[in-house]
Asks: 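Dropping the structure in here first, questions after.
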There are 2 protein chains.
Amino acid sequence: MDLSRNGHPNTKPAPKAVVGRVSLYLRQLESLQRQGLTKTSSHQLGEPFGIKNAQVRKDLAFFGQFGRPGIGYHINDLILVLRRILGVDKDWPLILVGLGNLGRALLRYRGFQSRRFHIVAIFDTDPKKIGQTYQGVTVEPLDALRKGIAAHKTSLALLCVPADAAQRVADLMIAVGIRGILNFAPVPLAVPPQVSVIAVDLSIQLENLAYKVQGSLDGVSWAG
Amino acid sequence: MDLSRNGHPNTKPAPKAVVGRVSLYLRQLESLQRQGLTKTSSHQLGEPFGIKNAQVRKDLAFFGQFGRPGIGYHINDLILVLRRILGVDKDWPLILVGLGNLGRALLRYRGFQSRRFHIVAIFDTDPKKIGQTYQGVTVEPLDALRKGIAAHKTSLALLCVPADAAQRVADLMIAVGIRGILNFAPVPLAVPPQVSVIAVDLSIQLENLAYKVQGSLDGVSWAG
DNA sequence: TAGATTGTTAATCGATTAACAATC
DNA sequence: TAGATTGTTAATCGATTAACAATC
């Protein structure tokens with residue numbers, strides 16, 4: 001399947017950094033669309049994120065030729081093509097494993113639904129939680145994982161269990177066919193090469209933020 | 001102040017990527033310490049994250065010389081020095097602005113406390129929430145921001161308000177002296193250069209995961 | 001000693017930016 | 001036409017990896 005409109009055999013997988021930025025461009029395009037605009041430029045697409053116009057063009061060029069010299073990009077068209085490239089032109093069922101504080105917050109998170117990600121099953125080991133219904137979905141025991149994944153044809157999982165259970169649960173998920181894991185547990189997961197993991201580690205992010213602020217704060221007495 | 005033990009005037013700021021990885025090494029060091037080990041190697045430090053030994057040594061070399069040829073690194077010593085470099089050898093008071101689902105989950109998140117990040121004040125605009133106490137902290141109105149930040153000498157903020165309020169609240173926080181923002185709202189923030197922002201955008205992360213999985217799924221019928 | 005492992009230099013690789021002919 | 005903006009090539013920049021003398 002050739003995802004580009006013109007040219008480009010599109011053989012090599014896109015670099016991770018490119019995909020991340022294309023997601024941002026899509027956000028900006030949708031924002032411009034809501035503002036009622038119909039066309040845009042590489043400058044306008046990258047500007048809110050501090051990305052240079054040449055970078056935007058290079059990133060898009062990876063997937064095909066979508067603009068017109070002297071004119072720019074047609075917003076509606078580019079939204080459709082980028083959604084298709086990123087795979088968000090269809091629904092993605094998700095499972096949520098581990099219904100702690102974070103799990104419950106994710107369950108109500110608006111950002112997922114608006115991007116066609118839907119939590120279709122919840123799993124936990126706590127007998128008090130099993131059988132309860134949250135946001136219209138009933139919590140099932142971990143043993144029901146295989147059946148649940150098959151029923152919903154799910155490839156993606158949100159892993160929100162405690163650190164010491166994370167690898168064990170991940171192994172289980174992979175064994176029953178999960179291909180992508182958004183890992184909220186603060187431990188590195190060992191997974192086979194066909195499985196993708198993205199780690200969401202808030203304390204690492206906060207640590208990096210503290211480092212940056214520390215540098216600019218050095219020798220400066222607190223006052224602002 | 002020279003953060004390294006020996007050599008290195010330590011002038012240039014560390015590349016962002018280096019700092020991120022050093023955080024990971026610190027995690028691994030703490031894990032090895034809990035296992036009762038006393039020394040380690042560049043190989044062992046990077047292995048769980050798929051980082052090569054040469055990369056680990058290069059990253060550490062940025063801050064100084066901490067190992068001994070033929071021996072490796074002393075775990076306890078390296079933990080102390082990396083904590084100091086990253087700035088997590090001291091307490092960091094945080095403010096939390098926006099007490100929605102995510103805000104409440106962050107309030108109970110264990111990963112922050114264990115890294116000496118403490119939420120010392122909570123702000124929201126909802127009159128029903130103001131005055132309520134969560135985890136020992138009373139919710140205050142946004143007008144109390146300046147006073148609260150001064151009282152706690154806070155530089156860091158968790159921004160958990162809805163997208164359409166994010167920029168306005170960020171401007172307010174910056175005006176009263178906040179220097180670092182962990183932004184959970186799915187919008188880019190425009191901030192002056194002396195302020196650092198790290199965006200935590202779960203739907204972007206999930207989108208990137210879907211892209212990776214889509215590639216490996218292409219043409220493969222669902223079955224596992 | 002032989003084996004392990006460092007810090008650092010050199011070589012490789014990839015990513016970003018600038019420049020520009022082509023196009024509207 | 002003049003001005004704007006593309007896609008792409010070339011130049012720059014930075015980051016990763018390999019190699020190795022020095023050290024324990």
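Here is the naming used below: chain letters follow the sequence lines, and residue numbers restart at 1 for every chain.
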Asks: In whole Å, what is the span from the NZ atom of K39(B) to the C1' atom of dT5(C)?
Replies: 10 Å
Asks: Among all residues two or more places apart in sequence or in another chain, which pass the ring-ring contact (aromatic ring centres under 6.0 Å, His included) test with Y25(A)?
Replies: none
Asks: For R116(B), give me all partners under salt bridge (charged side-chain N to carboxylate O under 4.0 Å, His left out), at least two apart in sequence or on another chain.
Replies: D91(B)
Asks: Side chains of N208(A) and S23(B): donor-acceptor distance under 3.5 Å anywhere?
Replies: yes
Asks: For Q44(A) and dT6(D), what is the distance between atoms CD and P respectively, to the nearest whole Å?
Replies: 10 Å
Asks: What residues form a side-chain contact (heavy atoms from CB on, under 4.5 Å) with L172(B), not counting sequence neighbours?
Replies: L142(B), L145(B)
Asks: Verify the contact: side-chain N or O of Y73(A) to OP1 or OP2 of dG7(D), cut-off strictly under 4.0 Å; return yes or no.
Replies: yes
Asks: Of all residues at least two apart in sequence or in a different chain, which pass the side-chain contact (heavy atoms from CB on, under 4.5 Å) check with T40(B)?
Replies: L29(B), L32(B), Q44(B), L45(B), Y73(B), I75(B)
Asks: Enumerate, atom names and distances included, each donor-acceptor pair closer than 3.5 Å involving a side-chain atom of residues 182-199 of chain A, sequence neighbours excluded.
Replies:
| residue | atom | partner | partner atom | Å |
| --- | --- | --- | --- | --- |
| N183(A) | OD1 | A185(A) | N | 3.0 |
| N183(A) | ND2 | A185(A) | O | 3.3 |
| N183(A) | ND2 | V187(A) | O | 3.0 |

Asks: So, is S42(A) close to the dT5(D) phosphate, meaning a side-chain N or O under 4.0 Å from OP1 or OP2?
Replies: no
Asks: Measure from CG on N53(A) to C1' on dT5(D) and round the result to the nearest Å.
Replies: 9 Å
Asks: Whole-Å distance between dT6(D) P and H74(A) NE2?
Replies: 15 Å
Asks: When you measure from the side-chain N and O atoms of S41(B) to the phosphate of dA4(C), is any distance below 4.0 Å, counting only OP1 and OP2?
Replies: no
Asks: For nucleotides 22-24 of chain D, tabulate all protein N/O to nucleotide N/O atom pairs closer than 3.5 Å, reporting atom names and distance.
Replies:
| residue | atom | partner | partner atom | Å |
| --- | --- | --- | --- | --- |
| dC24(D) | O4' | P69(B) | O | 3.3 |

Asks: Requiring both pairing distances under 3.5 angstrom, list the stems that contain DNA chain C and are made of three or more consecutive Watson-Crick or G-U pairs.
Replies: C:3-24 with D:3-24
Asks: Consider only side-chain N and O atoms of S31(A) and Q35(A), and report whether a donor and an acceptor are under 3.5 Å apart.
Replies: yes
Asks: Polar pairs (N or O, both sides) under 3.5 Å between protein and nucleotides 15-19 of chain C?
Replies:
| residue | atom | partner | partner atom | Å |
| --- | --- | --- | --- | --- |
| dT16(C) | OP1 | R21(A) | NH1 | 2.9 |
| dT16(C) | OP2 | R21(A) | NH2 | 3.0 |
| dT16(C) | OP2 | Q55(A) | NE2 | 3.2 |
| dT16(C) | O5' | Q55(A) | OE1 | 3.1 |
| dA19(C) | N6 | R57(A) | NH2 | 3.4 |

Asks: Suppose the criterion is salt bridge (charged side-chain N to carboxylate O under 4.0 Å, His left out): which pairs have a residue in residues 58-68 of chain B, not counting sequence neighbours?
Replies: R21(B)-D59(B)
Asks: Measure CG/L60(B) against P/dT8(C) and give the value in whole Å, please.
Replies: 11 Å
Asks: Among all residues two or more places apart in sequence or in another chain, which pass the side-chain hydrogen bond (donor to acceptor under 3.5 Å, both in side chains) test with D164(A)?
Replies: none
Asks: Enumerate the salt bridge (charged side-chain N to carboxylate O under 4.0 Å, His left out) contacts for residues 26-45 of chain A, please, sequence neighbours excluded, ordered by first and then second residue.
Replies: R27(A)-D201(B), E30(A)-R83(A), E30(A)-R115(A)
Asks: List for me each residue that meets side-chain contact (heavy atoms from CB on, under 4.5 Å) alongside P15(B), sequence neighbours excluded, and say none if there are none.
Replies: V18(B), F62(B)
